[in-house]
Every structure is written in C-alpha cells, then in structure tokens.
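As structure tokens, the structure follows; a few thoughts come after it.
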2 protein chains.
Amino acid sequence: MSTTPETAPKRGSRLPRLARRAQLLEAAQEVFVANGYHAAAMDDIADRAGVSKPVLYQHFPGKLELYLALLDSSCEAIVASVREALRSTEDNKQRVAATIHAFYDYVANAQGAFRLVFESDLTNEPAVRERVDRVTQACAEACSEVISADAGLNKEQSMVLAVSLVGMAQVSARYWLASDNPTLAQQQAADLVASLAWRGIRGFPRTES
Amino acid sequence: MSTTPETAPKRGSRLPRLARRAQLLEAAQEVFVANGYHAAAMDDIADRAGVSKPVLYQHFPGKLELYLALLDSSCEAIVASVREALRSTEDNKQRVAATIHAFYDYVANAQGAFRLVFESDLTNEPAVRERVDRVTQACAEACSEVISADAGLNKEQSMVLAVSLVGMAQVSARYWLASDNPTLAQQQAADLVASLAWRGIRGFPRTES
DNA sequence: CTGCACGCCGATCTTGACCTCCACGGAACC
DNA sequence: GGTTCCGTGGAGGTCAAGATCGGCGTGCAG
C-alpha cells in the first residue's frame, strides 16, 4: 500500500523459474518483515507476488523453508558486512567505527531484512534459533580475534567483550531506527556509539583506577 | 530447582481464587518461558497447573491477557532493578557496575522471566511491542539522566549512549547465560562488561585523540 | 437428613492457516 | 491450423488450538 512498486505484478505473466523464485523471495521478505512469521500467511505472499498458492509450493516445500531461505540471506549479509568492516583497515579505532556503521547500514537499508534476524518471532524453532545465535556468535568471534590479539585476554573474556560490543551496536541501531530521529542523523548516532565503544575497548588490558 | 516442585499440584484440590490465580500465573510463566507464546498451548498451562481449561478462562479472558499479565510483571521487575541500581550509589563507576549486575541478576534469576521481555515471539502484537520497547526506553532514560547531567550532552545523544549501554548489558547477559560457562562466573563476566562500559562512558564529553 | 449453591471437569465447536485436487489457457511444433 | 503439454487458478481437506456448555462432587444451612 504505502510503498509497493513491485517488480512486475502483472498477473498471468510467465516467468522463468529463477526469476519467479526471486520474485517470490522478494514478496515473502516484504510480508515477513511487515507481519512477522506467524502473522504472515502464505496466501498473502502468493497474492503479493501475483501468483497463486500452488506455485509457491512448487518453489518451496513449505513456509518454514521459505523463511529460512530469507533468514540465511539476512544472516550472511550482516556477518559479511562485519567481517568486511574488520578487514577494511588495520587501525583498531577505525575498525570499531566501521563495524558500528556496518550495523547501522544494515538496519537502515536492506528493506528491513534485519528484522528477520534481530526481531524474529520464530526463535523457538531450533533451526531459526541456531541461525540467529550464530550471527551474534560469528560477529563476536570476528571481533574477539582482534580484541584477543591486541588486548591479551583469553578467549572467553574477549568473547564477552565482543558480544557486548555487538549487542551495543545492534540494540542502539534498532533504537535509532525505531525512534526515527530527524535531528540525529545515522552518521552522527553511529559515530557517537563508535566513540563509546572505542573508549571502552581501547587499551583494555591495563587495569584502570 | 529446574524440575517442578510446584506449590500443590494435587488434582482436585479446591483453592481460593487468589491462590488459584497465582498458581495459574506461575504455571503459565513456566510454559511461556519454556515454549514461547505461540508454541505454548492453553492446554499445557492448564495441565501444568493441574486444572482444566475452563478454569483458566474463568480467571483470564484469553491467552493474550494472561501473557500480558506476566509480561507486565517482568517488565516492572527489570526496570525497578535498574532504577534501584542507579539509586544505590552516587559514584558513577559503581552505578555502571550495579546496573550491569542488575541485568545479569535478572537474567540469571527470576526463573527465566527475562525471556518474556527480551526474547518474546509476540512483538508484532502492538500491546507487547509497546511494553517491551518501554522497558529499554525506561532503563535508558534512567541512565541517560545521569549521563546527561554529568556529561553535558543533550537528550538525544545521551539516550543513544544509554541505549547502547543497556543493549550491551542485555545482550551480553543473555549470551553469558546461553553459553553457560562454568569457567567464567557471573560476577566476573558482569565485572568485565562493567569495566568496558565504564571505560566507554566515563568522562565522555571530552573528545579524545 | 436433605436441598442448595458453587466451582470444577470432560467433551465439543469453531476458526484460521497450511497444504493439495480438477479445470483452463496459451505456446510450441508438425 | 490443430494437437499436445505445462504452468496457473480457484475451491477444498485437514488439523491444531483457542474458546465454551451440560454433568458432578463437595460443603453448608436448616
């Protein structure tokens, strides 16, 4: 309704399988993001794509598999962004900033794909839980390698710190998006959080006053 | 402990209304915590309490209201703990530590009530979303007052920082609980995160190198 | 002892959503 | 230009789960 400039909603057009599949995935993502898993109906997804339900089931075995396909894409996207951010420089301060910005970009863009990862309503499904947990785990592990190397902490300790930083980025980015604040741009908010994170993590091994 | 040494699961016993209601709430919390909202069946809750379904509906209008009653309790608990932690001292370093520890205590105790708040699978329901958001909002506002007062930042900026700290505490506490790590005690993990948070937030207004 | 009131239970209804069956239409090919 | 084939569409089955009605047993007053 508000913004649905779909690819080609002409009903009755015959598409090659891959194009149809892509269109179905896009439609499904819109519906899942807008309504969550449970409130999303397969009828809605089919209607949204301009096809009928059987075609949906010719491309995906069921609702769960369709959801998992989208979830996997979203998980890979954020993990890849974080890894890319960490690889983008050798300066740790820049690394922190780039990582925080990666989370903000992810939350701001991707047409809400982050909701599948960070606001899923299917976390009781083991397959979903496992993927969602692995995202935080993977991001934190990538961070913890840098932390552990530079701070001389053991694995468990650096993981706790890394998870804290990831949680900070994730929660604050979602908050920033929700209270969609025109007076505080994405860049500024992310810089502020990056500053907080960097002050916290820099030169960590020394025990302060 | 983990198993269920319930109050009085003898089937057929007649309880006064308030006692019955309390028992139903406890049973419902166990089931909701274990299974989430959607996977939790009213039959399970009734069975767990040792009564039949109609009594459940004589005490609560429906599943949602039952859930909201529990959710409200859990929300009030964590917000009260955070406010208490902030009030417990005038030393900001101690404040940070106490707040982080409040989150860890909340996650570790309360027989998993935190799952209703931080891992709810009903966030699409506006009533639930509103309550869950208000928890982060309220905790962050309580923190931001201290931050804003001592750091001289405006409301939006201090709120972003406060939300970041709350997210750090919340996510890291849940991670610590999930990877139930015998080698890293709750105290140590919380202290580590508190150290990270305090390094990050202390003396914030000055812009460093 | 007997009638009454009250809370509880077994069995049932209904809704809603995931998932398939029979008819149509257009394209390709001879 | 006719036939065959494949993808599409609407209508329906199934089932789980939330929500509800007629009996039953217990405790009390007279």
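Below, chain A is the first sequence line, B the second, and so on; all start at residue 1.
- Screening residues 102-135 of chain A for ring-ring contact (aromatic ring centres under 6.0 Å, His included), with sequence neighbours left out, gives A:Tyr104-A:Trp176.
- Ion pairing between a basic and an acidic side chain is recognised when a charged N comes within 4.0 Å of a carboxylate O; A:Glu76 and A:Arg134 show no such pairing.
- Among pairs with a residue in residues 182-191 of chain B, none fulfils salt bridge (Lys or Arg N to Asp or Glu O under 4.0 Å), at least two apart in sequence or across chains.
- Closest to the side chain of A:Val51, out of D:dT8, D:dG9, C:dC8, is D:dG9.
- With hydrogens and angles left out, the side-chain atoms of B:Gln23 and B:Arg20 include a donor and acceptor closer than 3.5 Å.
- Residues satisfying the side-chain contact (heavy atoms from CB on, under 4.5 Å) criterion with A:Ala194, sequence neighbours excluded, are A:Ala97, A:Ile100.
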Contacts table for residues 120-127 of chain A: side-chain donor-acceptor under 3.5 angstrom, sequence neighbours left out:
{"residue": "A:Ser120", "atom": "OG", "partner": "A:Tyr67", "partner atom": "OH", "Å": "2.8"}
{"residue": "A:Ser120", "atom": "OG", "partner": "A:Leu122", "partner atom": "N", "Å": "3.1"}
{"residue": "A:Asp121", "atom": "OD1", "partner": "A:Tyr37", "partner atom": "N", "Å": "2.9"}
{"residue": "A:Asp121", "atom": "OD2", "partner": "A:Tyr37", "partner atom": "N", "Å": "3.1"}
{"residue": "A:Asp121", "atom": "OD2", "partner": "A:His38", "partner atom": "N", "Å": "3.3"}
{"residue": "A:Asn124", "atom": "ND2", "partner": "B:Asn35", "partner atom": "O", "Å": "3.1"}

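- Taking A:Arg21 as the reference, nothing meets the salt bridge (Lys or Arg N to Asp or Glu O under 4.0 Å) condition, with sequence neighbours excluded.
- Between the CG atom of A:Asp44 and the C1' atom of C:dG16 there is a distance of 12 Å, given to the nearest Å.
- Regarding B:Leu24, its CG atom lies at a distance of 9 Å from the P atom of C:dC8, rounded to whole Å.
- Following rounding to the nearest Å, A:Tyr67 (OH) and C:dC18 (P) show an atom-to-atom distance of 14 Å.
- Scanning for side-chain contact (heavy atoms from CB on, under 4.5 Å) contacts around B:Lys53 gives B:Met42, B:Asp43, B:Ala46, B:Tyr57, with sequence neighbours left out.
- Contact annotation: A:Arg20 reaches the phosphate of D:dT8 (side-chain N/O to OP1 or OP2, under 4.0 Å).
- Remark: B:Gln58 in residues 56-65 of chain B come within less than 4.0 Å of DNA chain C through at least one heavy atom.
- Across C:dC9, C:dC18, D:dT8, the shortest atom-to-atom separation from the side chain of A:Val55 is found for D:dT8.
- Going from atom CG of A:Asp47 over to atom C1' of C:dC18 covers 15 Å, rounded to whole Å.
- With sequence neighbours left out, the side-chain hydrogen bond (donor to acceptor under 3.5 Å, both in side chains) criterion links B:Asp180 to no other residue.
- When the nucleotides C:dC18, D:dA19, D:dG9 are ranked by their closest atom to the side chain of B:Met42, D:dA19 comes out on top.
- Note on B:Ala39: nothing from the nucleic acid sits closer than 4.0 angstrom, heavy atoms only.
- Nearest nucleotide to the side chain of B:Pro54, out of D:dG9, D:dT20, C:dC18: D:dT20.
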Are any protein N/O atoms closer than 3.5 Å to N/O atoms in nucleotides 25-27 of chain C? If there are, list each pair with its distance.
none

